[in-house]
Structures are given as C-alpha cells and as structure tokens.
Amino acid sequence: MLPIDAAAHAGRWRRRHPVDKAVLGLGLTALAVCLPPWPGAALVLVTALAVLLGPAGVPGRRLWRACRVPLGFCVTGALPLLVRVGGADGFVALADGGWVRAGELLLRSCAASLGVLLFAFTTPMSDLLPRLVRAGVPAPVVDVALVTYRMSFLLLDSVRRVRDAQAARLGHTTRAAAWRSLGGLGATAFVRAFGRAARLQAGLAGRGYDGTLRVLVPEARVSVPFTAASAALLAALAALTFVLKGPLT
C-alpha cells in the first residue's frame, strides 16, 4: 500500500463521508484556482496546511514525501516565466515581471495541490469509487477503476519482490548488472501483470460475473455541521481575500 493510501485508511477522518471531505479539500482547490494569487492563494495554502497537520492529523514527514513530486512540477512550470526568448536584449533574457508571474503561478499551484492532497490523505479510494455509481458514473467505468486500483498494488508488490530477489543475487553491484536487472524486472512485471489479469478474468467468469462488481461500502452519512463549517470557512477565505486585496494592492 502506498503511504498516502495508508494515511487515508488510518486517518482521523476515515469514517467521514467522502462528500464532507470533498467540500473542504476540493473547495480549497477551487478557491486556489479562482481567487487572486495574492493574497487568495496564500490564504488557501496556509489553511490547507493547517487543516492537514491539525484536524486531519497527517504526519508532517508523510505530507512532505507526498508533496515533493507535485512541488517539483510546480517549480518546473514556473521557471520558464522568468525568461523571454528574442528581443533587443539578446536571444534569451530575463523577462520583465517574470519573478512576479512565476511566484504567483507557484503560489497558486502549490495551494491547489495541497487542497487535492487534503482530499486524498483523508479519503480512501475504496470508500470513494463504489459511491460514484450513486453519483451517476456508469458502473462499468467504476468497476474498471476498482480493478485497476487493486491491480496497481499487486503489481507494485510484485516489482518489490523481484527487486529484492535481484538485490539478494547481487544484481545491482555494477552498472551493467543494474541495467540487466532493470530489463528483467520490466519483463517479469509485464508477464505477471498479464497472468494476474487472466486469472482474474477466469475467476470472475467462474463466479457468474454479470458486469457489476458488488463490494461492501462502510456506512457513513453526510455530516451537515461539518459540511456547513467547511462552506463557512471557504466563504470566509474568499471574503478575507477581497478585503485584504485592496490595501495590499
């Protein structure tokens, strides 16, 4: 199981309905996209970080590990705004106002990423996917997502076992050996994935699969107080943004 999935299953909000957490997490993401970068996205970033480390109870080290990859994409996307190509100053030169635009983009993207991570760190996929059918998503689409979600963990476990076996047989001692081991790892994972898929299909057919995977979903109800508090927090952030925007600009 991936660290973010383990945190979602063991978190404080594990028993809450996904709608409760979607209103808060995805609402913060929407505010980060729609509000001005300063001070709107900054307020959203601080709020999402405070909720993640506070009420949601996500460990700081685990949050940082999950944030590193999105943060790398955010920084990579902001760097091109610092320069411009062509013009009187040469083929490549610093762009006028590039630092401001890059900072705004980085602030907005980081705030939006934290909003999505808030939802991901508190909502297991096994709770979310089966409920999508009630929201109008076609059942076959949900079934494919459920099977893919399950098969991903099995594939990652197979890759880990093969890597451990290769390391025990000194398969990573030299660069050439590491490349050979990597090729063998890819081939083995490919064959095992197809083998598992064939066994899964045979098992479903033997159990009378009729096009729908029926799974047990934990009982949960939408919390009106929690949802109302989340909506009030989002409204307060939007109002505070427009109050502070005037004096700051």
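Index from 1, following the sequence.
- Using a 4.5 Å heavy-atom cutoff, the side chains of P55 and R12 are not in contact.
- A pairwise comparison of heavy atoms in L28 and G115 identifies CB-CA, 4.4 Å as the closest pair.
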**OP:** Dump the intermediate steps for side-chain contact (heavy atoms from CB on, under 4.5 Å) on C67 and L117, then the final yes or no.
**Re:** CA-CA 8 Å; C67 284; L117 285 175; 3.4 Å; yes
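- Residues P36 and T241 are in side-chain contact: their nearest non-hydrogen atoms beyond the backbone lie under 4.5 Å apart.
- Residues V162 and R192 approach most closely at CG2-NH1, 3.9 Å, considering heavy atoms.
- The NE2 atom of H172 sits 4.0 Å away from atom OG of S181, with the distance rounded to the nearest 0.5 Å.
- Annotation for A78 and L105: closest pair CA-CD2, 3.9 Å, computed over non-hydrogen atoms.
- Distance check: L43 CG to W38 CH2 gives 7.5 Å after rounding to the nearest 0.5 Å.
- Here the closest heavy-atom approach between residue S113 and residue P70 is recorded as OG-CB, 4.2 Å.
- The line from OG1 of T29 to CZ of R108 is 12.5 Å long, rounded to the nearest 0.5 Å.
- Both L234 and W13 are part of a single hydrophobic cluster, where members link through side-chain heavy atoms under 4.5 Å apart.
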Original post:
Stepwise, does the side-chain contact (heavy atoms from CB on, under 4.5 Å) test hold for F242 with L35?
Top reply: CA-CA 9 Å; F242 290 106; L35 292 178; 3.9 Å; yes
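- Clustering ILVMFWY residues whenever any of their side-chain heavy atoms sit less than 4.5 angstrom apart, transitively, puts L233 in a cluster other than the one holding V33.
- Within the 4.5 Å cutoff, the side chain of R163 has heavy atoms near those of the L185 side chain.
- Rounding to the nearest 0.5 angstrom, the gap separating the OG atom in S230 from the CG atom in L26 is 11.0 Å.
- The environment of CZ in R175 is sparse: at most 12 heavy-atom neighbours from other residues, nucleotides or ligands sit within 6.0 Å.
- Within 6.0 Å of atom CZ in R65, 12 or fewer heavy atoms from other residues, nucleotides or ligands are found, so the atom counts as exposed in its surroundings.
- Distance check: R161 CZ to T188 OG1 gives 14.0 Å after rounding to the nearest 0.5 Å.
- Here the shortest heavy-atom pairing between P59 and L53 reads C-CD2, 4.5 Å.
- Taking hydrophobic clusters as Ile, Leu, Val, Met, Phe, Trp and Tyr residues chained together by side-chain heavy-atom distances below 4.5 Å, F226 shares a cluster with V51.
- L114 CG to S109 OG: the interatomic distance, rounded to the nearest 0.5 Å, is 10.0 Å.
- Taking hydrophobic clusters as Ile, Leu, Val, Met, Phe, Trp and Tyr residues chained together by side-chain heavy-atom distances below 4.5 Å, V222 does not share a cluster with L24.
- Grouping the Ile, Leu, Val, Met, Phe, Trp and Tyr side chains by contacts below 4.5 angstrom, directly or via other members, places L118 apart from V23.
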**OP:** Could you go through the side-chain contact (heavy atoms from CB on, under 4.5 Å) check for L79 and L82 one step at a time?
**Re:** CA-CA 6 Å; L79 287 178; L82 299 177; 3.9 Å; yes
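- Counting all heavy atoms, side chain and backbone alike, P39 lies closest to L244 at CG-CB, 3.8 Å.
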